Amino acid sequence: MLAVTKFGGSSLSNATQFSKVKNIVLSDPKRKIVVCSALGKRDKSDTKITDLLYILHAHLKFSVPYQDIWTMLYDRFTGVQNELGIDYDIKSDLDALKNELNKSISEEYLVSRGEYLTSKLMAAYLGYHWVDAKDLLRYNYDGKLDEQLTERNVNLAFSKYGKIVVPGFYGAYPNGSIKLLSRGGSDVTGAILARALNATIYENWTDVSGVLSADPRLVKSPKAIKEITYAELRELSYMGASVLHEETVFPVQQLNIPINLRNTNEPENPGTIIREVCEDSTQTVTGIAGKKDFCAFNIFKDHMSNEVGFMAKTLDIFKNYEVSIEHVPSGIDSFSVVVPYSQAEKCQYELATEIKKELGADVTFEKDLALVAVVGRNMAKRAGICGKIFQALGNEKINVRLLAQGPAELNIIIGVSASDYEKTIALLYDALIK
């Protein structure tokens with residue numbers, strides 16, 4: 001039994017949180033691999049260490065005084081070390097870093113020091129061996145992970161030390177220079193380590209007790225999801241549910257390693273399990289998520305269905321303008337192309353003009369469209385879901401402007417006016433989940 005445990009910035013924001021993490025890790029002997037983000041916000045008015053490091057780099061680059069920022073960084077790290085009495089001379093590492101500060105310092109290197117120093121503190125606090133992520137996660141110059149070399153490095157480190165702490169968020173190129181991952185990349189670090197070691201489970205600890213079935217800003221006290229499939233999570237994440245870094249799932253999904261989302265502040269809560277196949281069939285709809293700021297190009301032409309390649313030609317025009325397509329609901333002599341408004345805003349007239357000119361079609365344009373996804377692996381086994389959706393929205397006079405369903409019947413996409421977005425989420429939660 002082997003668990004890779006990743007702790008986010010909110011789990012490592014101060015000495016109190018460090019103590020919680022230590023209790024969690026040492027309470028289960030299978031937790032032998034620990035991945036750390038950088039110190040996070042202590043409260044809403046605070047600033048993440050990562051953000052401070054980005055600001056520090058900007059000050060250095062433009063020769064702006066930076067002593068106040070450095071003092072904040074220094075005090076945050078030494079404060080945790082002093083309060084907990086951690087046997088790690090972090091002041092020497094901080095002094096060494098300060099000596100490296102200059103106008104030409106690499107941004108990726110400087111920003112990575114947040115995870116670097118936080119993980120060193122945690123390793124000393126736990127009594128685990130610290131291993132630098134740059135010696136484990138190796139990337140080619142094209143930015144792709146060298147999976148074979150990374151797997152070899154990880155297994156060698158684990159077999160040598162047994163219990164290790166690794167900084168998240170970065171790896172290294174072949175020449176040893178630091179490569180940062182995208183924001184939230186510590187999630188990905190944990191997933192890569194879990195796959196390399198074929199771990200029993202990948203635990204991702206944060207400040208929420210698993211995945212919620214709807215946005216708590218729109219729905220009061222939404223239910224937590226006990227089990228969810230990788231595919232369902234992907235659908236919800238794509239439609240705006242902020243759960244995990246989008247690249248986190250793929251490494252562990254390949255080996256069917258479950259992800260367990262847990263709350264550092266409520267360690268007794270089992271959280272949410274994410275796996276390839278879930279057996280629970282009690283909940284028809286797993287979750288609801290959505291996004292605003294879409295628009296639709298409505299395309300009409302008589303006998304369009306008899307014209308071979310008409311839709312393909314239309315989509316090629318969008319491709320030429322580098323506009324990504326979300327959905328294409330269709331009729332006999334018409335179809336709509338739903339796209340992000342941010343991509344179409346600057347070229348909407350050119351797109352419509354070219355479609356008319358090249359294909360002889362009439363085009364209308366509508367914006368202020370929101371998409372809401374109803375996601376559930378069990379919907380395919382139940383009748384009447386669309387009926388409940390139309391009834392719930394119809395009773396409140398909300399017009400459904402678009403309806404689409406994937407071939408696997410895993411999701412139903414509803415398009416509504418942006419002004420009805422928040423209300424739609426709440427109504428569908430009450431009708432389908434509550």
Side-chain angles (χ1 to χ4, degrees), residues 44 211-223 225 232 234-243 246 284-300 314 318 321 323-331 334-352 355 362-376 379 384-406 410-434:
K44 291 183 179 180
V211 183
L212 298 177
S213 51
D215 188 337
R217 294 170 297 182
L218 306 178
V219 173
K220 185 178 180 180
S221 301
K223 291 181 179 179
I225 301 170
E232 289 174 301
R234 172 68 174 155
E235 293 284 349
L236 290 172
S237 296
Y238 184 75
M239 286 303 294
S242 179
V243 182
E246 62 181 8
T284 302
V285 172
T286 302
I288 298 170
K291 290 192 290 189
K292 292 183 179 181
D293 299 323
F294 291 95
C295 60
F297 291 81
N298 304 311
I299 299 160
F300 308 87
T314 304
F318 283 88
Y321 282 90
V323 175
S324 60
I325 296 168
E326 294 288 330
H327 294 282
V328 188
S330 64
S334 65
F335 64 91
S336 297
V337 181
V338 180
V339 302
Y341 182 66
S342 60
Q343 296 183 24
E345 181 180 10
K346 295 180 180 180
C347 58
Q348 66 184 75
Y349 300 108
E350 291 86 348
L351 268 168
I355 292 169
D362 293 323
V363 182
T364 63
F365 176 80
E366 56 181 321
K367 60 178 183 177
D368 297 327
L369 185 67
L371 298 182
V372 176
V374 177
V375 177
M379 291 196 302
I385 301 300
C386 282
K388 290 182 178 180
I389 290 172
F390 283 115
Q391 182 178 10
L393 301 184
N395 288 342
E396 295 296 325
K397 295 182 171 46
I398 293 177
N399 182 39
V400 176
R401 295 166 62 182
L402 175 154
L403 185 69
Q405 185 174 41
L410 184 66
N411 69 341
I412 298 172
I413 305 294
I414 303 104
V416 298
S417 296
S419 59
D420 291 326
Y421 170 72
E422 290 84 358
K423 194 173 183 180
T424 297
I425 295 280
L427 288 168
L428 292 182
Y429 177 85
D430 288 344
L432 303 172
I433 297 178
K434 188 173 180 180

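Here the structure is a predicted model, which means the values were calculated and not measured.
Counting non-hydrogen atoms of neighbouring residues, nucleotides and ligands closer than 6.0 angstrom, the NZ atom of Lys291 exceeds 12 such neighbours.
Applying the ring pair (Phe, Tyr, Trp, His ring centres under 6.0 Å) rule to Phe297 yields the partners Phe318, Phe365; only residues at least two apart in sequence or on another chain are considered. In this view, Asp215 and Arg217, Leu218 satisfy the side-chain contact (heavy atoms from CB on, under 4.5 Å) rule, not counting sequence neighbours. Take Ala352 and apply the side-chain contact (heavy atoms from CB on, under 4.5 Å) test, not counting sequence neighbours, and it matches Val363. Applying the side-chain contact (heavy atoms from CB on, under 4.5 Å) test to Thr286 and every residue at least two apart in sequence or in another chain returns Ile225, Ile228, Glu232, Arg377.
From Ser417, atom OG reaches atom CG of Asn399 across 6.5 Å, with rounding to the nearest 0.5 Å. Rounded to the nearest 0.5 Å, atoms CZ (Phe294) and CD1 (Ile413) are 9.0 Å apart. Distance check, rounded to the nearest 0.5 Å: CD1 of Ile414 to SG of Cys386 gives 7.5 Å. Taking NE2 of His327 as the reference point, atom CG of Leu369 lies at 10.0 Å (rounded to 0.5 Å). Between the CD1 atom in Ile299 and the OG1 atom in Thr314 there is a gap of 5.0 Å [rounded to 0.5 Å].
In summary, of the residues considered (Ile389, Asn395, Leu393), a side chain to side chain contact (heavy atoms under 4.5 Å, CB included) with Gln391 occurs for Asn395 alone.
Taking each heavy atom of Gln405 and Ile412 in turn, the nearest pair found is NE2-CG1, 3.6 Å. Closest approach of Gly415 and Leu371 over heavy atoms only: CA-CD2, 4.0 Å. Val375 and Glu235 make their closest contact through CG2-CB, 3.9 Å (heavy atoms, listed as atom of the first residue, atom of the second, distance). Residue Lys292 comes nearest to Ala418 through the heavy atom pair CE-O, 3.9 Å, listed as atom of the first residue, atom of the second, then distance. Among all heavy-atom pairs drawn from Leu212 and Pro222, the shortest one is CD2-O, 3.9 Å.
Put simply, the side chain of Met379 reaches to within 4.5 Å of the side chain of Val285, judged on heavy atoms. Here the side chains of Ser336 and Leu402 are not in contact, with every heavy-atom distance at 4.5 Å or above.
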Kindly list each side-chain donor-acceptor pair under 3.5 angstrom involving residues 423-434, sequence neighbours excluded, with atom names and distances?
from, atom 1, to, atom 2, distance (Å)
Lys423, NZ, Glu396, OE1, 3.3
Thr424, OG1, Asp420, O, 2.7
Tyr429, OH, Lys223, N, 2.9

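Counting only residues at least two apart or on different chains, the side-chain hydrogen bond (donor to acceptor under 3.5 Å, both in side chains) pairs with a member in residues 341-352 are Ser324-Gln343.
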Q. Does the side chain to side chain contact (heavy atoms under 4.5 Å, CB included) test come out yes or no for Val339 and Cys295, once each step is laid out?
A. CA-CA 6 Å; Val339 302; Cys295 60; 3.5 Å; yes

